[in-house]
Trainee: 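For reference, the structure I am asking about is given below.
Atom set for the values below is all heavy atoms of this structure, side chains included, hydrogens, waters and symmetry mates excluded.
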Number of protein chains: 2
Amino acid sequence: MKVTINDVAAKAGVSIKTVSRVINNEPSVRPATKKKVMDAVKELNYQPNLAARNLAGTRSYTIAFIYDNPNAYYVIDMQNGILDACKARGYELLIHPSNSKSPDVHKELEDLVEHSKVAGLVLTPPFSETPEVIETVKKLGVDYVRIVSSEAAQKDEDNCIQVDDSSAAYELTKHLLDQGHKRIGFLCGGEEHVSTHGRLDGFKRALQDGGIAPQQELILKGEYSFDSGVQGAKKLLQSDNPPTAIFASNDEMAAGALFAARLMNIDIPAQLSIVGFEDSPFSRQTWPKLTTAHQPNNEIAKCAAALVLSKARSKGAAESGSASKEAGIQRTFTPSLVERDYSGPAPS
Amino acid sequence: MKVTINDVAAKAGVSIKTVSRVINNEPSVRPATKKKVMDAVKELNYQPNLAARNLAGTRSYTIAFIYDNPNAYYVIDMQNGILDACKARGYELLIHPSNSKSPDVHKELEDLVEHSKVAGLVLTPPFSETPEVIETVKKLGVDYVRIVSSEAAQKDEDNCIQVDDSSAAYELTKHLLDQGHKRIGFLCGGEEHVSTHGRLDGFKRALQDGGIAPQQELILKGEYSFDSGVQGAKKLLQSDNPPTAIFASNDEMAAGALFAARLMNIDIPAQLSIVGFEDSPFSRQTWPKLTTAHQPNNEIAKCAAALVLSKARSKGAAESGSASKEAGIQRTFTPSLVERDYSGPAPS
DNA sequence: AACCGGGATGACAACGCTGTCATTTCGACT
DNA sequence: AGTCGAAATGACAGCGTTGTCATCCCGGTT
């Protein structure tokens with residue numbers, strides 16, 4: 001049958017409590033003893049029983065992943081990253097699709113935390129950027145890490161993994177400017193996403209630094225969807241003085257913009273350049289491939305999970321104050337330019 | 001703190017064992033007693049502690065979802081369906097991305113089952129259609145349910161939720177034939193998917209029933225990807241005698257075909273009809289929208305999970321032989337035609 | 001050489017539930 | 001009313017781990 005802590009203790013010639021100490025990295029175990037135990041663990045391929053740990057211990061070995069982003073690629077990427085981090089540390093993952101706009105969210109969160117005894121929460125946008133939700137989470141006193149666009153991180157940096165949308169958008173815009181584009185259309189994502197504002201901000205800053213006056217008529221509101229990209233691009237391209245480039249706030253919109261351009265028989269990239277954002281599989285499934293900003297969602301999620309786990313752990317073990325600034329966990333990510341087929345110099 | 005079985009027992013004036021009997025639906029509890037207990041449960045909002053259940057009981061309250069399909073939409077849909085079923089029955093879900101082609105699969109599965117003490121497995125294609133993998137799962141003696149294309153279900157119907165690709169493809173093809181199309185191109189999905197063969201089979205049958213001779217040159221091998229759709233459609237449309245309609249084996253390929261047609265300035269649906277398969281968000285993110293066969297992945301997954309849970313339960317409880325044919329769980333799904341913008345009568 | 005203090009270790013209860021088995025209850029039949 | 005058997009219920013021991021607290025051992029003091 002399954003190998004338990006008793007087997008390990010017997011093999012190592014110590015008590016189960018000592019084994020427990022070793023696998024939990026508690027102090028007061030002589031190096032020699034520790035080695036004996038670790039050898040036994042390895043030899044028997046022992047792995048602590050999660051159910052028993054959860055039951056007996058004060059801390060839990062489960063964290064939850066909460067999301068309400070409709071983009072499947074995004075969610076899967078994040079989920080896999082978190083899963084990796086959990087596996088590495090012997091934790092379990094509870095998947096919790098939710099809806100930040102629903103009035104039940106608060107009770108839902110409460111139930112999740114109280115009932116399931118989770119050690120921590122990983123939140124992604126737009127859920128992670130909804131103030132009331134964060135408020136509730138804070139009140140619950142559970143450890144959490146929010147993955148957010150930098151602008152949304154202000155108040156509790158310590159619980160955030162940030163994505164610097166503004167800087168990335170700046171870089172992307174600069175790329176277009178460098179290629180001679182003077183009129184660049186901008187398709188905004190949904191208002192509820194902080195990233196929408198960050199990306200727009202970066203875009204504007206780059207324009208300004210490039211000495212180009214604001215062109216309000218080229219900035220269009222929208223949503224992070226294909227349809228929205230189609231509509232926005234159409235509007236831009238049908239205007240009297242159409243832009244020579246379009247900055248779409250994500251790849252899906254860029255694919256939409258691309259589609260619209262095709263419909264209008266516009267040659268790409270000769271007449272029009274298009275850039276996306278995120279580097280989702282979407283940008284590669286379009287054809288030819290989109291120039292975009294690569295956002296390492298998998299890695300971001302892994303760091304978020306690692307961070308929340310380290311919080312949960314340090315809390316459980318030594319209450320040694322300095323636990324917060326975890327070494328080795330990257331806190332800020334700036335998506336970086338990936339130049340592909342869909343952008344080129346401005347037409348002369 | 002948390003409300004436990006003891007609180008319920010106290011409130012109801014019975015022993016904890018009786019409470020246990022009630023919440024597990026075991027026999028030999030007087031209706032009056034049962035009611036008392038249920039009332040107490042409701043009043044206290046009691047929910048059994050999963051860790052304790054897992055630890056104490058012989059059966060486990062965790063099932064695993066194993067997949068290796070790269071399509072995020074597909075996976076998320078399935079996952080949500082399974083999650084629903086689990087929640088409804090108080091089970092926990094273990095997410096396990098895998099790779100049916102990796103040589104480590106067997107050991108991986110073994111570890112998963114032995115170590116994590118899962119009550120059941122839900123498998124999706126192509127993982128669920130890989131013979132060696134199924135072999136391993138069977139050997140492990142764990143309950144499982146495979147979601148498969150009907151053709152792959154032969155041997156162990158009892159553990160399958162089937163998707164009748166052939167019939168659905170037949171219907172879709174018939175739809176095209178009814179509109180007067182005589183030359184229809186067919187873009188195959190990846191060989192490793194049984195659905196690829198089922199869909200082709202349905203296509204051929206419909207053609208035959210429609211009195212149209214096989215046109216081998218119109219059937220192209222491919223993969224379930226956008227790129228593959230682009231390539232295939234290009235090839236078809238550049239031939240001497242191009243088809244008036246294209247049956248793409250999934251929506252992603254259809255989107256690719258659509259894209260290729262646009263590039264070649266082919267008017268749709270006037271000159272060419274395109275149909276997809278699956279009704280993934282993809283088919284709606286394309287624009288205008290694709291005609292396709294709606295495959296209710298969410299529902300399918302829910303049934304699969306319900307089935308595996310009923311297996312696990314019946315095994316744990318009364319070993320009453322007849323447990324297998326679960327009432328009320330749909331076993332076969334036939335995706336059904338969803339007519340949208342991208343198909344029309346054949347050009348005259 | 002006896003003594004002390006603190007690090008190292010172990011014994012044992014507890015976590016919340018299920019499984020086993022003993023005990024009680026109840027209706028039906030003498 | 002007394003007896004019997006099955007149904008209903010409960011007492012109690014685990015499940016594999018952690019937390020608490022007692023014990024042991026050791027080097028350093030006096």
Side-chain angles (χ1 to χ4, degrees), chain A residues 1-10 12-37 41 44 46-62 90-92 114-117 119 312-313 315-319, chain B residues 1-10 12-37 41 44 46-62 90-92 114-117 119 312-313 315-319:
Chain A
M1 261 285 293
K2 278 247 52 211
V3 25
T4 78
I5 200 172
N6 290 290
D7 305 324
V8 177
V14 298
S15 76
I16 59 167
K17 182 64 218 190
T18 298
V19 175
S20 172
R21 287 198 179 93
V22 172
I23 61 177
N24 288 295
N25 236 316
E26 286 170 26
S28 297
V29 180
R30 208 163 303 174
T33 315
K34 188 164 183 173
K35 186 174 179 324
K36 271 195 300 185
V37 173
V41 165
L44 298 172
Y46 165 71
Q47 291 196 258
N49 178 312
L50 245 158
R53 262 150 98 107
N54 275 329
L55 186 56
T58 48
R59 63 182 180 282
S60 129
Y61 290 81
T62 303
Y91 274 69
E92 213 169 24
E114 308 274 277
H115 174 60
S116 304
K117 200 182 166 190
R313 291 186 144 188
K315 197 164 148 198
E319 200 77 71
Chain B
M1 264 285 295
K2 278 246 54 213
V3 26
T4 78
I5 199 172
N6 290 291
D7 305 324
V8 178
V14 298
S15 77
I16 59 168
K17 182 65 220 188
T18 298
V19 175
S20 172
R21 287 199 178 90
V22 172
I23 60 176
N24 288 295
N25 235 317
E26 285 171 27
S28 299
V29 179
R30 209 163 305 177
T33 315
K34 189 164 182 171
K35 186 173 179 324
K36 272 194 301 186
V37 173
V41 165
L44 298 173
Y46 167 71
Q47 290 194 259
N49 177 313
L50 245 157
R53 261 149 97 105
N54 275 329
L55 186 57
T58 49
R59 63 182 181 284
S60 127
Y61 290 81
T62 302
Y91 274 70
E92 210 170 28
E114 308 273 278
H115 173 59
S116 304
K117 199 181 167 193
R313 289 187 147 187
K315 197 164 145 199
E319 198 78 71

Trainee: Short question: side chain of A:N54, backbone of A:A51 - any donor-acceptor pair under 3.5 Å?
Mentor: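 No, because the side chain of A:N54 does not come within donor-acceptor range (under 3.5 Å) of the backbone of A:A51.
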Trainee: Identify the heavy atoms of A:V3 and A:Y46 that sit nearest to each other, and give their distance.
Mentor: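 Here A:V3 and A:Y46 meet closest at O-CD1, 3.4 Å.
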Trainee: Which nucleotide sits closest to the side chain of A:A56: D:dT17, D:dG10, D:dG19?
Mentor: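 Between D:dT17, D:dG10, D:dG19, the one nearest the side chain of A:A56 would be D:dT17.
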Trainee: Could you give the distance from OG1 (B:T4) to CG (B:N49), rounded to the nearest 0.5 Å?
Mentor: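 So the OG1 of B:T4 and the CG of B:N49 are separated by 9.5 Å.
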Trainee: Which listed nucleotide (D:dT18, C:dG10, D:dG19) is nearest to the side chain of A:T58?
Mentor: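 For the A:T58 side chain, the nearest candidate turns out to be D:dG19.
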Trainee: What's the closest nucleotide to the side chain of A:L55 if the choices are C:dC15, C:dC17, C:dG7?
Mentor: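 Given the options C:dC15, C:dC17, C:dG7, the side chain of A:L55 is closest to C:dC15.
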Trainee: If you only use heavy atoms from C-beta on, which nucleotide in D:dG10, D:dC15, D:dG19 is closest to the side chain of B:S15?
Mentor: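 Nearest listed nucleotide: D:dG10.
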Trainee: Counting distance alone, no hydrogens or angles: does the base of C:dG19 have a donor or acceptor under 3.5 Å from a partner atom on the side chain of B:K17?
Mentor: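 Per atom types, the contact qualifies.
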Trainee: Look at all strands and tell whether B:N24 reaches a base, only sugar-phosphate, or nothing, counting heavy atoms closer than 4.0 Å.
Mentor: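 Result for B:N24 = sugar-phosphate.
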Trainee: Show the nearest heavy-atom pair for residues A:T18 and A:V37, with the distance to one decimal.
Mentor: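 That would be CG2-CG2, 4.5 Å.
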Trainee: Remember a base hit wins even if backbone is also touched, and classify B:P48 as base, sugar-phosphate or nothing at under 4.0 Å, heavy atoms.
Mentor: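 Sugar-phosphate contact only - B:P48 comes under 4.0 Å of backbone atoms but never of a base.
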Trainee: Checking only heavy atoms, does the side chain of A:R21 share a donor-acceptor pair with the base of D:dG19 at less than 3.5 Å?
Mentor: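 Not at all, since no donor on one side and acceptor on the other fall under 3.5 Å apart.
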Trainee: With respect to the side chain of B:Y61, which nucleotide from C:dT18, C:dA8, D:dG19 is positioned closest?
Mentor: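 Of the options given, the side chain of B:Y61 lies nearest C:dT18.
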Trainee: Mapping A:P31 and A:I16 to their closest nucleotides on DNA chain C, which lands nearer the 5' end?
Mentor: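 Its nearest nucleotide being more 5', the pick is A:P31.
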